[in-house]
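Working notes, structure below.
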2 protein chains.
Amino acid sequence: MARVSKEESPCPLSILVGVLSGPWTLYIVWVLSTNGATRFGELKRRVEGISTKMLTERLRLLEQEALIYRHYEPTVPPQVTYGLTDRGKELVGILNQLNDLAQRWYGQPDVAQVGCTFVDTVETAATDAIR
Amino acid sequence: MARVSKEESPCPLSILVGVLSGPWTLYIVWVLSTNGATRFGELKRRVEGISTKMLTERLRLLEQEALIYRHYEPTVPPQVTYGLTDRGKELVGILNQLNDLAQRWYGQPDVAQVGCTFVDTVETAATDAIR
DNA sequence: CGGAATCCGTATAGATACTG
DNA sequence: CAGTATCTATACGGATTCCG
């Protein structure tokens with residue numbers, strides 16, 4: 001089994017959790033949810049430590065699942081922006097519920113929202129999002 | 001990063017999703033939620049295809065996170081029973097919400113509850129649980 | 001029965017270099 | 001800027017064997 005793929009696991013929940021469970025995925029989704037639509041480069045900077053390869057892989061997957069959209073602007077240099085779709089936002093809603101549970105169980109009650117301690121990289125710059 | 005561990009990821013949600021994202025984990029939790037407390041051997045049979053190693057690993061982790069309990073009965077032969085804790089049940093509640101989303105997005109609207117298509121192995125025998 | 005220990009192959013994430 | 005391509009190592013899961 002290893003990782004759940006769409007083909008071999010016909011269970012919808014497994015598909016969804018399989019997507020979320022990918023490395024960095026939650027981190028990325030959280031950045032997009034707090035920061036708004038974000039360009040590739042900035043995303044890479046905010047998701048600290050991620051490799052280019054991983055980032056593109058995860059973005060492609062999230063896009064396939066229609067949780068994020070990809071907007072390509074053919075300027076020079078080109079600008080590519082990623083943001084949450086309605087699906088993505090709906091998902092984040094439930095993730096926040098999960099987060100509430102997690103907060104109660106694992107502590108750190110003063111840190112709010114999905115991103116948690118990832119915040120320290122971002123918090124002050126959270127307003128310079130593209131939209 | 002690879003897989004999220006409790007030490008390196010101080011984010012509660014990441015911890016929780018990290019646990020759920022482990023292979024077979026969701027499957028196991030679902031069996032316990034529909035089947036009630038279950039012995040190791042039966043668990044291994046119901047979670048079709050899992051290896052002994054994986055099963056024990058996942059059970060240990062879920063136990064550490066207090067999502068399941070382990071009950072050891074020192075008979076001969078010994079009986080070990082696993083079941084959802086209150087935490088676990090609370091979690092399943094939210095998982096069912098996630099499942100509703102997943103059902104809407106990925107179809108299969110006639111299959112209910114967390115387990116989905118895993119059901120075909122179990123459905124008829126869902127009543128012979130230990131409690 | 002319910003595991004623990006060991007060995008082993010592969011999938012996968014990271015690093016690096018290159019491109020439209 | 002926003003990726004793609006390739007190469008590599010290591011960690012992870014499966015199979016097998018053995019034990020209290």
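A quick note: this is a predicted structure, and the numbers were derived from the prediction, not measured. Convention: sequence-line order gives letters A, B, ...; per-chain numbering from 1.
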Answer yes or no: is there an ion pair linking R104(B) with E90(A), defined by an N-O contact shorter than 4.0 Å?
yes
Between CD1 of I50(B) and C1' of dG3(C) the distance, given in whole Å, is 13 Å
Any luck finding a side-chain donor-acceptor pair between E42(B) and Y82(B) under 3.5 Å?
no
Name the residue closer to the 5' end of DNA chain C, choosing between P78(A) and M54(A) according to the nucleotide with the nearest heavy atom.
M54(A)
Contact between P74(B) and Q79(B) at the side-chain level, heavy atoms closer than 4.5 Å - yes or no?
no
Calculate the interatomic distance between E57(B) atom CD and dG13(D) atom P; express it in whole Å.
7 Å
Where do N or O atoms of nucleotides 3-9 of chain D meet protein N or O atoms at under 3.5 Å, pair by pair?
| from | atom 1 | to | atom 2 | distance (Å) |
| --- | --- | --- | --- | --- |
| dG3(D) | OP1 | R60(A) | NH2 | 3.2 |
| dG3(D) | OP1 | R70(A) | NE | 3.4 |
| dG3(D) | OP1 | R70(A) | NH2 | 2.6 |
| dG3(D) | OP1 | Y82(A) | OH | 3.4 |
| dG3(D) | OP2 | Y82(A) | OH | 2.7 |

Gap between atoms CD and C1', on Q79(A) and dG20(C) respectively (whole Å)
16 Å
Do any side-chain nitrogens or oxygens of R39(B) fall under 4.0 Å of OP1 or OP2 in dG2(C)?
yes
As an exercise, state the distance from CZ of R60(B) to CD1 of I68(B), rounded to the nearest 0.5 Å.
8.5 Å
note: E42(B), atom CD; dG3(C), atom C1'; distance rounded to Å ~ 17 Å
NZ (K44(A)) and OG1 (T56(A)) are apart, to the nearest 0.5 Å, by 9.5 Å
Any W24(A) side-chain N or O less than 4.0 Å from OP1/OP2 of dG14(C):
yes
When rounded to whole Å, the CG to P distance for the pair L55(B) and dG3(C) reads 8 Å
Taking atom C1' of dG3(C) as reference, at what distance in whole Å does atom CZ of R58(B) sit?
17 Å
For the backbone of A37(B) and the side chain of T81(B), can you confirm whether one donor and one acceptor N or O come within less than 3.5 Å of each other?
no
If I take atom CG in residue L43(B) and atom C1' in nucleotide dG3(C), what distance separates them, rounded to the nearest angstrom?
13 Å
